[in-house]
Amino acid sequence: MAGAGGGGCPAGGNDLQWCFSQVKGAVDEDVAEADVISTVEFSHSGDLLATGDKGGRVVIFQREQENKSRPHSRGEYNVYSTFQSHEPEFDYLKSLEIEEKINKIRWLPQQSAAHFLLSTNDKTIKLWKISERDKRAEGYNLKDEDGRLRDPFRITALRVPILKPMDLMVEASPRRIFANAHTYHINSISVNSDHETYLSADDLRINLWHLEITDRSFNIVDIKPANMEELTEVITAAEFHPHQCNVLVYSSSKGTIRLCDMRSSALCDRHSKFFEEPEDPSSRSFFSEIISSVSDVKFSHSGRYMMTRDYLSVKVWDLNMESRPVETHQVHEYLRSKLCSLYENDCIFDKFECCWNGSDSAIMTGSYNNFFRMFDRTTWRDVTLEASRENSKPRASLKPRRVCAGGKRKKDEVSVDSLDFSKKILHTAWHPAENIIAVAATNNLYIFQDKAN
Amino acid sequence: MFARGLKRKCAEDEEAVPAYSLQRQSLLDMSLVKLQLCHMLVEPNLCRSVLIANTVRQIQEEMTQDGSWCVPVPQTAGRASRDRLVSTEILCRSAREGARPAPDPGDPASELQVVPAAQAPGAPPGGAWDGDGPRENRGSFHKSLDQIFETLESQSPGAVEELFSDVDGSYYDLDAVLTGMVGGAKSGQDGLEAFASAAAPPPSASCKSDLGELDHVVEILVET
């Protein structure tokens, strides 16, 4: 099992050295709630990086092409498109607001010049098309250059409009709106490997959609008890298998993961596989269930493993073994003795995400104090790094951080009591092919790269 | 940190026991407050509510088991101390030496009936709610906690489940549920008329028909 606390060695295989690349977002101490980033996702090629925020906006960054005349900007991500994806709504029946916060963004695999992504808030999923326009037609017959209609009787000759280049314009347009299918809050969306369907999951149900059809969805998992008094468990995350289009997994607030096969029955209430680690009786407390709640589940790119994040650890599971994970990595074990305080200030309910690197050799997840952790699965090394403005000099190497759990604090160590729990890194993303990572720290997006890049 | 202000007892293990049960009581109080304080404008987080409710249930079960449900909890003399919550050692380690048998799930009703209904474990040790607040605030807070405890001590099995006893719509009105509005018996309607009027929609077999109805009603509301 990988140990806790940074070994001081870079993780990610082959002795990577992570360096600061860019930071996006305002520097102000006063962070507007709407600017808090709520999701980060690379596209399948890695050339585009999307973020969603609490204000319902989506910002897409594009990686600059290699350019000999500007060697330093090679690989830099710059703003490509910004649009308002969701607006706040009001549910008149319940007299409650529906937040516009973007919970998840998932890219569709690219099939044409345009890019497509799904973005969702608590209730509604939208399919957005992002397309480029760099030409415009001139020489229309029926209208002037400034758009005024020409008098048809004055037209004596016909001409063919000519396409002329124009400044690149990136347009985002909503192509489908998938609404009214979720009573509870949507926590996950996942595009199927068939590229035609996707799932959306809320606290109690999972629905299957066809990307072309918005007026109906198919309910495939329903854990709502007949009697709501008996509710003790909710769905926390769900994902489709990367290659097997009939397989999906969903995690629960009790720390279990169920794998379902849509071929076995229409309603996947009975799982094909049930993953749960037996509880360690010696560490049982009133908080055991809460910290076992799975906040994120991600298949490896290979499709052979899946990773779950609970409050204190990340676990890697072999899909062929349901009894226990094959790896457990401690993220911040030093918090175990602080659970009561973390329960009081609600931090114990924070939902951290996790991600794989492109080759599945490393995994990454966030923590508090703007720290994030990376675990190398081949070398068993792990490292703690920090996303902060102080380490923001271009190409500056990130220094590994250490947290002192108790006893004498060494130089450069941070003591547990001085951790800033308001600075939490919940969302991180790893480029699908290269060693480039995006880390969301409240309203700032940090991009780090391996020095070798 | 917690030991300050607590009367020392002769026997050592007696000193440890009240500390644990007092902390457990604080945790219970805190959990109940968390459940009650929903953001009224935005729907509360169901996952969080379920986890807190499960925690309350666990504490309840343990307290019922060792009979401390009946034990009057000593009032810490005026200590407005949040400090007891910072020292988490006792609560965060495993509950007791010597595993107790798992509570029999089959008969929570009879267990609860044993509890003398009048004995609210509140006048809960004021804890964080003592001290600076004006008297009336404190009074009303105690009152609502009493109401919560009364709900918990009610005769129906698994009283905590009442938290989720309404279907979709009014589930979210935890205030209403916790103050017994669902039972219809309690008073204290102030500020809660809005929720009282959110009648539980008829249970539907499928989500779609729920929403179909909601859609229809919203259409009507929007058009008027």
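Bear in mind the structure is a predicted one, so any value in this text is a computation, not a measurement.
- Of the two parts of A:S293, only the side chain, counted from C-beta on, holds a non-hydrogen atom closer than 4.5 Å to a non-hydrogen atom of chain B.
- Put simply, the side chain of A:T236 never gets that close to the backbone of A:S295: no donor and acceptor are under 3.5 Å apart.
- Not one N or O on the side chain of A:D91 forms a donor-acceptor pair closer than 3.5 Å with the backbone of A:L96.
- Formation of a donor-acceptor pair under 3.5 Å by the B:R48 side chain with backbone atoms of A:F349 is not found in this model.
- If you measure heavy-atom distances from A:S288 to chain B, you find no contacts under 4.5 Å at all.
- Once rounded to the nearest 0.5 Å, the distance linking CG of A:L204 with CD of A:E233 reads 10.5 Å.
- Between chain B and the residues A:I348, A:N187, A:I290, A:D122, the most heavy-atom pairs under 4.5 angstrom are made by A:I290.
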